[in-house]
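In what follows, chains carry the letters A, B, and so on, assigned in the order in which the sequence lines appear, proteins first and then strands, with residues in each chain numbered from 1.
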Protein chains: 2
Amino acid sequence: MAKQIDDEQVYAATIELLLAKGYAGATTKMIARKAHVNEVTLFRKYGSKAQLVAAALAHERDQMAVDSVDYTGDVSADLMHMVELYHSATPRQSQMMLLIVSDMARYPELRETIQIPFEMVATFSQIIMRYQAEEQLREGDPFLCVQALLGPVIVNTMLRSADAAMRVPMIDLQEHVARFLSGYGN
Amino acid sequence: MAKQIDDEQVYAATIELLLAKGYAGATTKMIARKAHVNEVTLFRKYGSKAQLVAAALAHERDQMAVDSVDYTGDVSADLMHMVELYHSATPRQSQMMLLIVSDMARYPELRETIQIPFEMVATFSQIIMRYQAEEQLREGDPFLCVQALLGPVIVNTMLRSADAAMRVPMIDLQEHVARFLSGYGN
DNA sequence: ATGCAATGCAAGTCAACACTTGCATCGGGC
DNA sequence: GCCCGATGCAAGTGTTGACTTGCATTGCAT
C-alpha cells in the first residue's frame with residue numbers, strides 16, 4: 001500500500017455508508033474496508049468515528065456548490081436551479097439533508113453538522129427574499145417558502161430511496177416549479 | 001407489580017424512544033424502564049426487539065385514523081383534513097413517517113413496516129383521484145400530488161424537531177393548502 | 001386455598017463495536 | 001543509502017446491547 005492514504009476515498013466511503021446504513025450502522029470496520037485502508041489508520045488520522053464523520057460531512061458540504069445558486073432576475077430559472085442542485089446533482093447530495101436531520105441530530109457529538117442544511121436553506125432564503133422585495137414572489141416567511149419549494153422534492157427522494165420495489169414515480173421538476181409559482185408567485 | 005403488563009404502555013414507550021433515539025439508539029433496557037416493565041418480560045412477550053418494534057408501529061398505525069379522511073366534495077376541506085391529520089394530531093404521528101422511511105428501511109427485519117406510509121399515501125391518492133376526475137384538481141400522478149401536499153409539512157416537522165434552537169417557524173396549514181390549490185386546483 | 005401462568009430479579013452468554021497497543025514494513029526526503 | 005513518519009497487521013481491551021436461564025413471587029381462576 002502506498003504512503004499517505006487518500007482522504008477523498010475515505011470521505012467517499014464514509015458518506016456512502018452513512019447514507020446506506022446510518023450513523024450507528026456504518027461501522028469503522030466497514031468504512032475502512034470500503035476505502036481500502038486499515039481501520040487503525042482511521043483512528044490515527046481522524047481521532048474518532050465522530051470526528052471522521054464530521055470531517056466527511058464538512059468535505060461533502062464543500063463539494064456541494066450551494067453558493068452557485070445566484071440571483072439572476074429570472075425567478076423561474078433560479079428556483080429551478082435550487083431544486084436541481086438539490087435533486088439531481090448526485091444521489092449522495094440529495095439524501096444528505098435527510099440523513100443529517102434524522103440521524104445526526106440524535107448524536108450530540110455531531111450536533112454541529114446539523115447546521116449544514118440550515119445554511120443551505122438560509123442561502124436560498126436570501127434569494128427568495130430578493131424576489132419577494134421585487135414582488136415577483138408573494139410575501140411570507142422565506143424559510144417556509146423554501147420548505148414549500150424543496151419539501152416535495154425531498155419527500156420524493158426519500159420515498160424513492162426507501163423502497164425501490166414501490167416504483168415511486170420521479171418528480172417532474174419543471175412542473176413542480178411551475179406549480180410552486182402558481183401558489184407563491186405574483 | 002400487577003399481573004399482565006399493559007401493552008399500551010409498552011407501545012407508547014417504544015414509539016417515544018424510537019422517535020427520540022432511532023431504532024439503534026432505543027435500547028430494550030430503556031424501553032423497559034420507561035414502560036415500568038422488566039426487560040426480560042419484553043422478550044418473553046414479544047420475542048425480539050424487532051418484533052416489539054413492529055408490533056408498536058402496527059399499533060400506532062391503527063391509532064392513526066387515516067381512513068377518517070373521506071371524500072366530502074369539498075376539496076379544500078378534505079386536503080386540510082389530510083395535512084392536519086398528518087401534522088397536528090399528535091407529535092408522535094407527525095414524525096412517524098420520517099422515522100419509518102429513514103430508519104426502518106435500513107433494517108431488513110423491519111422492512112415490512114415501511115408499507116405504513118405507503119398505505120397512507122395510497123389512501124390519500126384515492127381521494128385526490130376522485131377530485132381529479134371531477135376536475136376540481138388538475139390531472140397528474142396522484143402520488144406526486146400527495147407528495148406536493150405533504151412534502152412541505154413533513155419537511156417543516158423535520159426541521160422543527162431537528163433543532164429547537166433554530167426557531168423554525170411553524171407552517172400555516174391553511175395558507176399551505178390554499179397555495180397548493182393555486183398550483184394544483186382548477 | 002391452591003395451582004398455574006405471567007411477571008420480576010439476578011446473573012450470565014455471546015457478539016459486535018469503538019478504540020488501543022506493539023511491532024513490522026514501506027516509501028519519500030535528506 | 002538512511003532515517004523517520006505514515007501505514008499495515010494482529011491481537012487485545014472495555015463496553016454495551018440483544019437475548020437467555022433459573023428461580024422466586026404474585027395474582028387471578030377455579
Side-chain angles (χ1 to χ4, degrees), chain A residues 1-57 59 99 103-113, chain B residues 1-57 59 99 103-113:
Chain A
M1 270 296 143
K3 192 169 183 170
Q4 285 280 79
I5 63 174
D6 184 0
D7 282 305
E8 299 276 343
Q9 208 172 0
V10 173
Y11 293 152
T14 304
I15 297 289
E16 217 170 310
L17 281 166
L18 277 180
L19 292 182
K21 311 264 188 179
Y23 183 66
T27 71
T28 53
K29 204 168 303 214
M30 296 168 76
I31 296 173
R33 230 172 58 104
K34 174 159 282 196
H36 302 108
V37 159
N38 195 285
E39 190 187 358
V40 182
T41 305
L42 294 182
F43 288 100
R44 280 198 275 243
K45 281 207 67 167
Y46 306 100
S48 68
K49 179 180 176 180
Q51 285 174 282
L52 166 59
V53 168
L57 287 177
H59 180 259
L99 170 80
D103 212 20
M104 297 300 111
R106 293 184 183 126
Y107 301 91
E109 66 269 34
L110 293 171
R111 188 59 61 83
E112 48 177 293
T113 67
Chain B
M1 272 293 146
K3 191 170 182 170
Q4 284 281 80
I5 62 175
D6 184 1
D7 282 305
E8 299 277 343
Q9 208 172 0
V10 173
Y11 292 152
T14 305
I15 298 287
E16 216 169 311
L17 281 166
L18 277 180
L19 292 181
K21 312 266 189 178
Y23 183 67
T27 72
T28 53
K29 205 168 303 220
M30 294 167 77
I31 295 173
R33 229 172 58 104
K34 174 161 282 196
H36 303 107
V37 159
N38 195 284
E39 189 188 0
V40 183
T41 305
L42 294 182
F43 288 100
R44 281 199 275 242
K45 280 206 69 168
Y46 306 100
S48 70
K49 179 180 176 181
Q51 286 174 283
L52 166 60
V53 169
L57 288 177
H59 180 259
L99 169 80
D103 211 19
M104 298 299 110
R106 294 183 182 126
Y107 302 90
E109 67 269 32
L110 293 170
R111 186 62 58 83
E112 48 176 292
T113 66

A.B. asks: Compare the minimum distances between each of dC9(D), dA18(C), dC9(C) and the side chain of T27(A), then state the nucleotide with the smallest one.
C.D. replies: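 For the T27(A) side chain, the nearest candidate turns out to be dA18(C).
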A.B. asks: Within this structure, what is the NE2-to-C1' distance between H36(A) and dT7(D), rounded to whole angstrom?
C.D. replies: 16 Å
A.B. asks: What distance separates H59(A) NE2 from Y11(A) OH, expressed to the nearest 0.5 Å?
C.D. replies: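 H59(A) NE2 to Y11(A) OH: 7.0 Å, rounded to 0.5 Å.
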A.B. asks: Please report the end-to-end axis angle for the helix from dA1(C)-dT30(D) to dC30(C)-dG1(D), five pairs per end, rounded to 10 degrees.
C.D. replies: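 Both end axes considered, the difference amounts to 10°.
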A.B. asks: Can you see if the side chain of Q4(B) gets near the phosphate of dC28(D) - specifically, an N or O under 4.0 Å from OP1 or OP2?
C.D. replies: no
A.B. asks: In terms of the nearest nucleotide of DNA chain C, which residue is placed more toward the 5' end: D6(B) or V40(B)?
C.D. replies: D6(B)
A.B. asks: Rounded to whole Å, please give me the gap between OH in Y107(B) and P in dA18(D).
C.D. replies: 11 Å
A.B. asks: From CG of L110(A) over to C1' of dA18(C), roughly how many Å is that when rounded to an integer?
C.D. replies: 14 Å
A.B. asks: Can you tell me how far CD of E109(A) sits from NZ of K49(A), rounded to the nearest 0.5 angstrom?
C.D. replies: 9.0 Å
A.B. asks: Tell me, please, which residues at least two apart from D7(B) pass salt bridge (Lys or Arg N to Asp or Glu O under 4.0 Å).
C.D. replies: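 Listed in chain order: K45(B).
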A.B. asks: Any donor and acceptor pair, going by atom type alone, linking the side chain of T41(B) with main-chain N or O of V37(B) inside 3.5 Å?
C.D. replies: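 A pair under 3.5 Å: no.
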A.B. asks: Whole-Å distance between dA10(D) P and E39(A) CD?
C.D. replies: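 It is 13 Å, rounded to the nearest whole Å.
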A.B. asks: Please state how far atom CG in L17(A) lies from atom C1' in dC17(C), giving the value in whole angstrom units.
C.D. replies: 15 Å
A.B. asks: Walk me through it: do I15(A) and L57(A) pass the test side chain to side chain contact (heavy atoms under 4.5 Å, CB included)?
C.D. replies: CA-CA 7 Å; I15(A) 297 289; L57(A) 287 177; 3.8 Å; yes
A.B. asks: Would you say T28(B) places a side-chain N or O within less than 4.0 Å of OP1 or OP2 belonging to dG17(D)?
C.D. replies: no
A.B. asks: Check the distance between dG17(D)'s P and L52(B)'s CG and give it to me in whole angstrom.
C.D. replies: 16 Å
A.B. asks: Send over the distance from I5(A) CD1 to dG8(D) P, rounded to a whole Å.
C.D. replies: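 Rounding to the nearest Å, CD1 of I5(A) and P of dG8(D) are 7 Å apart.
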A.B. asks: Expressed as a whole number of angstroms, how long is the span from R33(B):CZ to dG17(D):C1'?
C.D. replies: 16 Å
A.B. asks: Just to verify, what does K34(A) make a salt bridge (Lys or Arg N to Asp or Glu O under 4.0 Å) with, not counting sequence neighbours?
C.D. replies: E16(A)
A.B. asks: Please identify each residue that fulfils ring pair (Phe, Tyr, Trp, His ring centres under 6.0 Å) with Y23(B), with sequence neighbours left out.
C.D. replies: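 Listed in chain order: Y107(B).
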A.B. asks: Among residues 41-50 of chain A, which contact DNA chain D at a heavy-atom distance under 4.0 Å?
C.D. replies: T41(A), R44(A), K45(A)
A.B. asks: Taking side-chain contact (heavy atoms from CB on, under 4.5 Å) as the test, write out the residues that go with A105(B), two or more places apart.
C.D. replies: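 By the side-chain contact (heavy atoms from CB on, under 4.5 Å) rule, A105(B) matches I114(B).
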A.B. asks: Choosing from dA18(C), dG8(D), dT7(C), which nucleotide comes nearest the side chain of N38(A)?
C.D. replies: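 In terms of side-chain proximity for N38(A), the closest of dA18(C), dG8(D), dT7(C) is dG8(D).
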A.B. asks: I'd like to know whether V53(B) forms a side chain to side chain contact (heavy atoms under 4.5 Å, CB included) with M104(B), so could you lay out the CA-CA distance, the side-chain angles of the two residues, the decisive distance to 0.1 Å, and finally the verdict.
C.D. replies: CA-CA 10 Å; V53(B) 169; M104(B) 298 299 110; 4.3 Å; yes
